[in-house]
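Structure first, then comments.
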Amino acid sequence: MIGTVGNMLSIKNDEYIENDNLKKYYKENKIIYEIGIVVGREYWGKGIATEALKLTMEYLFVQKGADAVLGLHYSENLASKKMQEKCNLKEICRKEVKDKWYNTDCTTMVFRGITRNEWENL
């Protein structure tokens, strides 16, 4: 297996919606999907995740009627940051967390998004 792609309808969760920018994002966009992508280490750096994200966004906007798509990543995960930036997801906000990712202490979760209008104008 190369990896997995998942998406889910994002339900407003007040635990995450303490940031004004994220509140505004949820107010302006009614149908929001979150996307998660995992790729096996031997396939890193080959553009697979970027292509999967682009195709999944197209599916969510065209087939599912999404108003916006969210991607989250730890600030320490530079590969996910780069992939989301290549797909034009812009930073919305950051949330302080205490978590582990590949035995690394993570302190910040980054929320990135793209709206239907932004995606259509690409």
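Bear in mind that the values here come from a model prediction, so they are computed numbers and not experimental data.
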Checklist outcome for this item: Taken in chain and number order and not counting sequence neighbours, the residues that satisfy side chain to side chain contact (heavy atoms under 4.5 Å, CB included) with K24 are E28
Checklist entry - Between atom OH of Y25 and atom NZ of K90, what is the distance when rounded to the nearest 0.5 Å? => result 9.5 Å
Next on the checklist: Going by the rule side chain to side chain contact (heavy atoms under 4.5 Å, CB included), which residues pair with K82 if we only count those two or more places apart in sequence or in a different chain?
Outcome noted: K86
Checklist entry - Is a side-chain N or O of N77 found less than 3.5 angstrom from the main chain of H73, in a donor-acceptor match? => result no
Next on the checklist: Nearest 0.5 angstrom please: L122 CG to C87 SG, how far?
Outcome noted: 9.5 Å
Next on the checklist: One pair to check against side-chain contact (heavy atoms from CB on, under 4.5 Å): E96 and T108. What are the steps and the verdict?
Outcome noted: CA-CA 5 Å; E96 298 306 309; T108 306; 3.5 Å; yes
Next on the checklist: The criterion is side chain to side chain contact (heavy atoms under 4.5 Å, CB included); which residues satisfy it with E120, sequence neighbours excluded?
Outcome noted: R116, N117
Item to check | V110-Y74 co-clustered via ILVMFWY side chain contacts under 4.5 Å | outcome: no
Checklist outcome for this item: Value for OG (S10) from CD1 (I35), rounded to nearest 0.5 Å, stands at 11.5 Å
Checklist entry - Are V38 and I2 co-members of a hydrophobic cluster defined by side-chain heavy atoms under 4.5 Å apart? => result no
Item to check | For L60, the option from V69, L9, I31, I32 that meets side chain to side chain contact (heavy atoms under 4.5 Å, CB included) | outcome: V69
Item to check | W119 side-chain N/O to F61 backbone N/O, donor-acceptor pair under 3.5 Å | outcome: no
Checklist entry - Which heavy-atom pair separates S75 from R94 by the least distance, and what is that distance? => result CB-NH1, 3.8 Å
Let me check something: any side-chain donor-acceptor pairs from residues 46-57 under 3.5 Å, sequence neighbours excluded? List them with distances.
from : atom 1 : to  : atom 2 : distance (Å)
T56  : OG1    : A52 : O      : 2.8

Item to check | N7 side, atom CG; L70 side, atom CG - distance, nearest 0.5 Å | outcome: 12.0 Å
Checklist entry - What distance separates C93 SG from N21 CG, expressed to the nearest 0.5 Å? => result 6.5 Å
Next on the checklist: Once rounded to the nearest 0.5 Å, what's the spacing between atom CG of L78 and atom CE of M83?
Outcome noted: 12.5 Å
Checklist outcome for this item: Smallest heavy-atom separation, E118 atom then G113 atom, equals OE1-O, 4.3 Å
Next on the checklist: Strictly by salt bridge (charged side-chain N to carboxylate O under 4.0 Å, His left out), give each pair with a member in residues 61-81 just once, sequence neighbours left out.
Outcome noted: K81-E85
Next on the checklist: Applying side-chain contact (heavy atoms from CB on, under 4.5 Å) to E34 and L72, what does each step give before you reach the verdict?
Outcome noted: CA-CA 8 Å; E34 291 181 35; L72 286 69; 4.1 Å; yes
Next on the checklist: Please enumerate all residues that pass side chain to side chain contact (heavy atoms under 4.5 Å, CB included) together with Q63, with sequence neighbours excluded.
Outcome noted: Y59
Checklist entry - What about V97 and F111, same hydrophobic cluster or not, with Ile/Leu/Val/Met/Phe/Trp/Tyr joined at side-chain heavy-atom distances under 4.5 Å? => result yes
Item to check | From CA spacing to verdict: side-chain contact (heavy atoms from CB on, under 4.5 Å), K23, D20 | outcome: CA-CA 5 Å; K23 284 180 187 176; D20 287 341; 4.1 Å; yes
